[in-house]
Number of protein chains: 2
Amino acid sequence: MASQRPGPNLNRIATSLGVSVATVSNALSGKGRVSDALIERIRAHAAELGYVPSQAGRALRTGRSGVLGLVLPDIANPLFPKIAQAIEYAASAAGYGVLIADSRGDITAQTEAINRLVERGVDGMVVVPRRATRISAASCPVAVIDTASTPGNTVAADHWQGGKEIAAHLAGLGHKQILIIGNNHESNVQNDRAGGIRAGLQPGMRSETLWIERLENETGAGCRLGLADKARQGFTAFAALSDLQALRALTELQQEGISVPADVSVTGFDDLIWSPVVTPSLTTVRMDMDTIAEIAVSALVDRINESGTREGVLVTAETERVPMQLIIRQSSGLANPASKTSEMENL
Amino acid sequence: MASQRPGPNLNRIATSLGVSVATVSNALSGKGRVSDALIERIRAHAAELGYVPSQAGRALRTGRSGVLGLVLPDIANPLFPKIAQAIEYAASAAGYGVLIADSRGDITAQTEAINRLVERGVDGMVVVPRRATRISAASCPVAVIDTASTPGNTVAADHWQGGKEIAAHLAGLGHKQILIIGNNHESNVQNDRAGGIRAGLQPGMRSETLWIERLENETGAGCRLGLADKARQGFTAFAALSDLQALRALTELQQEGISVPADVSVTGFDDLIWSPVVTPSLTTVRMDMDTIAEIAVSALVDRINESGTREGVLVTAETERVPMQLIIRQSSGLANPASKTSEMENL
DNA sequence: GCGCCGCGCTTAATCGTTTAATCAATTGCA
DNA sequence: TGCAATTGATTAAACGATTAAGCGCGGCGC
């Protein structure tokens with residue numbers, strides 16, 4: 001019944017070479033004491049036979065599965081491709097596979113998803129938590145990627161600094177009134193980004209913040225954000241906390257006949273896939289996901305190798321914040337002085 | 001050295017209850033012959049101890065890992081979240097985990113990614129191939145999700161029918177000249193979608209096709225698509241083969257001062273995350289990923305359970321095409337008769 | 001020359017589960 | 001009553017790897 005693994009195993013290599021399995025294992029792993037000549041012979045023969053070690057056998061013996069879990073409670077997040085790609089790359093470079101778990105946006109199902117991973121015997125996991133949820137440590141090492149202000153965070157982009165970059169950029173272009181556009185005010189990430197923007201404002205500049213989810217709860221999903229009004233009130237820059245919101249702002253403004261960047265500027269965050277190809281292309285801030293993933297995975301791997309018992313712990317990394325990089329494109333430009341007048345009219 | 005698994009195992013349950021491991025195993029799996037009373041006792045005690053079976057032990061014995069691989073050579077694809085989510089859900093419902101593999105867009109690395117999965121002992125895998133690449137069957141069952149016209153395809157959305165839905169919708173709105181906007185003419189999916197649109201045109205309607213990648217090779221990445229010119233030539237509808245291209249078209253038209261949908265209509269494919277929130281919201285065609293994933297996974301699981309030897313085979317499913325659903329939003333509207341005149345002028 | 005040490009390899013135990021084979025005890029049937 | 005069939009459990013052998021322990025054997029020091 002049980003389907004036999006097709007490939008050769010240590011035993012086959014051993015008997016075929018007239019040595020013991022232990023020697024073959026030692027030769028391939030380079031751990032025990034085997035003569036160089038024999039190591040050479042065994043490795044050659046193993047390669048010739050196309051030997052691939054059985055993860056199951058190894059896992060059973062060592063208690064390590066060689067697999068990391070990736071938990072993304074908010075899998076619909078458009079950042080997901082980048083995250084998954086970066087984590088998979090870093091994990092695979094460290095010799096680990098990546099098992100994904102999703103809870104379809106259901107926060108309570110997050111624990112269930114984590115449990116599924118634990119049952120599958122992952123050696124550790126990377127969690128990108130949904131909004132403000134704190135992950136309760138599972139029975140294995142956990143790395144959290146959220147933002148530096150989150151308790152228990154392992155590593156993340158420096159969202160605050162990213163916000164300051166945006167503010168400095170807009171200040172340099174002469175903008176005075178900035179509308180910050182976020183989705184959910186409970187998101188640690190969005191709060192840090194907004195905080196960074198506010199912290200980066202120069203004297204004489206002011207900002208207001210618009211939370212879309214709050215607005216939609218009153219007006220209905222997909223409603224207008226009323227940005228044209230805001231522009232008439234004197235706002236010349238719309239700093240969205242994610243490219244998704246930036247896109248929404250950009251298209252709404254264009255639809256209302258307001259030109260970007262001639263009349264107002266729009267900026268985003270994350271450098272999502274469409275950012276370079278929309279017209280005008282989006283000025284945004286990119287996070288270095290590859291570095292973040294590498295730090296998270298190596299912190300995880302370090303902990304796995306070090307700890308004898310597989311206790312559940314939030315791992316920490318030396319570098320907690322990875323700088324974000326400002327990408328200046330076409331959607332941001334010099335503040336239009338005409339808006340100044342409309343601002344004066346308004347007073 | 002080897003970290004001990006923390007939880008109880010069959011042996012602990014067995015000794016604690018004074019029975020043999022085999023009986024415990026039988027009681028939990030319901031396979032052998034165990035008295036109902038004892039089954040009850042064992043199950044209760046196992047639950048009380050919080051027993052979770054070791055996947056490693058089970059995998060070693062049965063030769064099945066209980067894990068499926070998900071290969072997405074084009075992981076940057078914005079569809080990825082939906083695909084991954086749907087596959088993970090279907091797999092997890094069938095008792096399988098999902099291991100991801102990515103080749104960072106490198107086609108040659110696709111084989112390498114597949115090999116990584118095989119080495120990890122996946123029981124089967126789902127492959128969403130990049131463009132025209134044919135996947136060479138690995139040493140395990142493989143389900144391919146691409147499009148019906150791809151040889152070896154297991155299941156996919158009916159992209160052709162989706163195209164016809166778009167054509168019928170635009171025809172109903174009175175559009176006569178349609179510009180099809182695709183990215184790469186080698187994509188099976190995009191070709192099917194374009195073919196469907198053309199097949200759905202009514203007498204008196206005509207279409208032209210613009211391949212962005214071809215254009216960018218001449219003009220540079222991120223260049224204008226020249227859609228304003230096309231509009232002046234009399235095209236009143238722009239049918240993109242993906243929402244990403246639709247977004248590019250929409251913003252370019254808006255930037256040129258052409259109003260959507262008052263002047264021209266824009267449609268897309270895939271109902272990506274931004275489609276409902278841009279202004280105007282995008283008319284698009286949605287694929288039923290959940291159904292597709294479920295069919296792919298169950299075809300895979302059937303084959304895994306049926307075949308004793310783990311041969312590498314492309315699996316087939318009864319339902320090969322899953323209908324796509326037209327989502328009518330604001331970006332498509334009645335053909336503007338004014339454009340007719342400009343068309344006449346053009347003649 | 002004797003004992004000791006280290007090298008190179010083997011032996012054997014072990015991880016946790018499944019499952020075929022076995023066996024004692026009870027039941028069924030003639 | 002005697003023999004076979006069934007029930008309810010046990011025993012033991014895998015699966016494939018890792019690794020501590022053991023065992024000749026040759027060389028070295030004293």
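The sequence lines fix the lettering, A, B, ..., with proteins before strands; numbering per chain opens at 1.
The shortest distance between the side-chain N/O atoms of B:Arg61 and the OP1/OP2 oxygens of D:dA14 is not below 4.0 Å. Close to C:dG16, at under 4.0 Å from its OP1 or OP2, lies no side-chain N or O of B:Arg58. Regarding contacts with the backbone of D:dT18, a side-chain N or O of A:Ser25 is found under 4.0 angstrom from either OP1 or OP2.
Rounded to whole Å, the distance from CD1 on A:Ile42 to P on D:dA17 is 13 Å. Between the CG atom of A:Leu10 and the C1' atom of C:dA12 there is a distance of 15 Å, rounded to whole Å. Computed from coordinates, the A:Ile13 CD1 to D:dG16 P distance equals 12 Å when rounded to whole Å. Counting to the nearest Å, the P atom of D:dA12 and the CG atom of B:Asn11 are 15 Å from each other. Between the CZ atom of A:Arg64 and the C1' atom of D:dG16 there is a distance of 18 Å, rounded to whole Å. Across the protein-nucleic acid pair, A:Tyr51 atom OH and D:dG16 atom C1' stand 7 Å apart, rounded to whole Å. The CD atom of A:Gln55 sits 14 Å away from the P atom of D:dG16 (whole-angstrom rounding).
Identified under the side chain to side chain donor-acceptor pair (under 3.5 Å) test for residues 29-39 of chain A, with sequence neighbours left out: none. Residue pairs meeting the salt bridge (Lys or Arg N to Asp or Glu O under 4.0 Å) criterion with at least one partner in residues 108-117 of chain B, sequence neighbours excluded, are A:Glu88-B:Arg116.
Residues meeting the side chain to side chain contact (heavy atoms under 4.5 Å, CB included) test with A:Ser20, sequence neighbours left out: A:Ala22, A:Thr23.
Heavy atoms from other residues, nucleotides or ligands lying under 6.0 Å from CD of A:Glu40 number 12 at most.
Position along DNA chain C of the nearest nucleotide to B:Lys31 versus B:Leu60 favours B:Leu60 as the more 5'-ward residue.
Under the 4.5 Å side-chain criterion, counting only non-hydrogen atoms from C-beta, B:Val52 is not in contact with A:Val118. Side-chain atoms of A:Val24 and A:Leu17, non-hydrogen and from C-beta on, never get closer than 4.5 Å to each other. Under the 4.5 Å side-chain criterion, counting only non-hydrogen atoms from C-beta, B:Ile42 is in contact with B:Leu28.
The overall bend of the helix from C:dG1-D:dC30 to C:dA30-D:dT1, read as the angle between its terminal helix axes built from five base pairs each, is 50° when rounded to 10 degrees.
One side chain, B:Thr291 or B:Asp288, offers a donor N or O that lies under 3.5 Å from an acceptor on the other.
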Hey, can you pull the donor-acceptor pairs under 3.5 Å for the side chains in residues 43-50 of chain A, sequence neighbours left out?
unit_1  : atom_1 : unit_2  : atom_2 : d
A:Arg43 : NE     : A:Ala27 : O      : 3.2
A:Arg43 : NH2    : A:Ala27 : O      : 2.9
A:His45 : NE2    : A:Ser16 : OG     : 3.3

Detail all sub-3.5 Å separations between protein N/O atoms and N/O atoms belonging to nucleotides 5-10 of chain D.
unit_1 : atom_1 : unit_2  : atom_2 : d
D:dG8  : N7     : B:Arg33 : NE     : 3.2
D:dG8  : O6     : B:Arg33 : NH2    : 2.8
D:dA9  : OP1    : B:Ser35 : OG     : 3.2
D:dA9  : OP2    : B:Ser35 : N      : 2.4
D:dA9  : OP2    : B:Ser35 : OG     : 3.0
D:dT10 : OP1    : B:Ser20 : N      : 3.2
D:dT10 : OP2    : B:Ser20 : N      : 3.0
D:dT10 : OP2    : B:Ser20 : OG     : 2.7
D:dT10 : OP2    : B:Thr23 : OG1    : 2.3

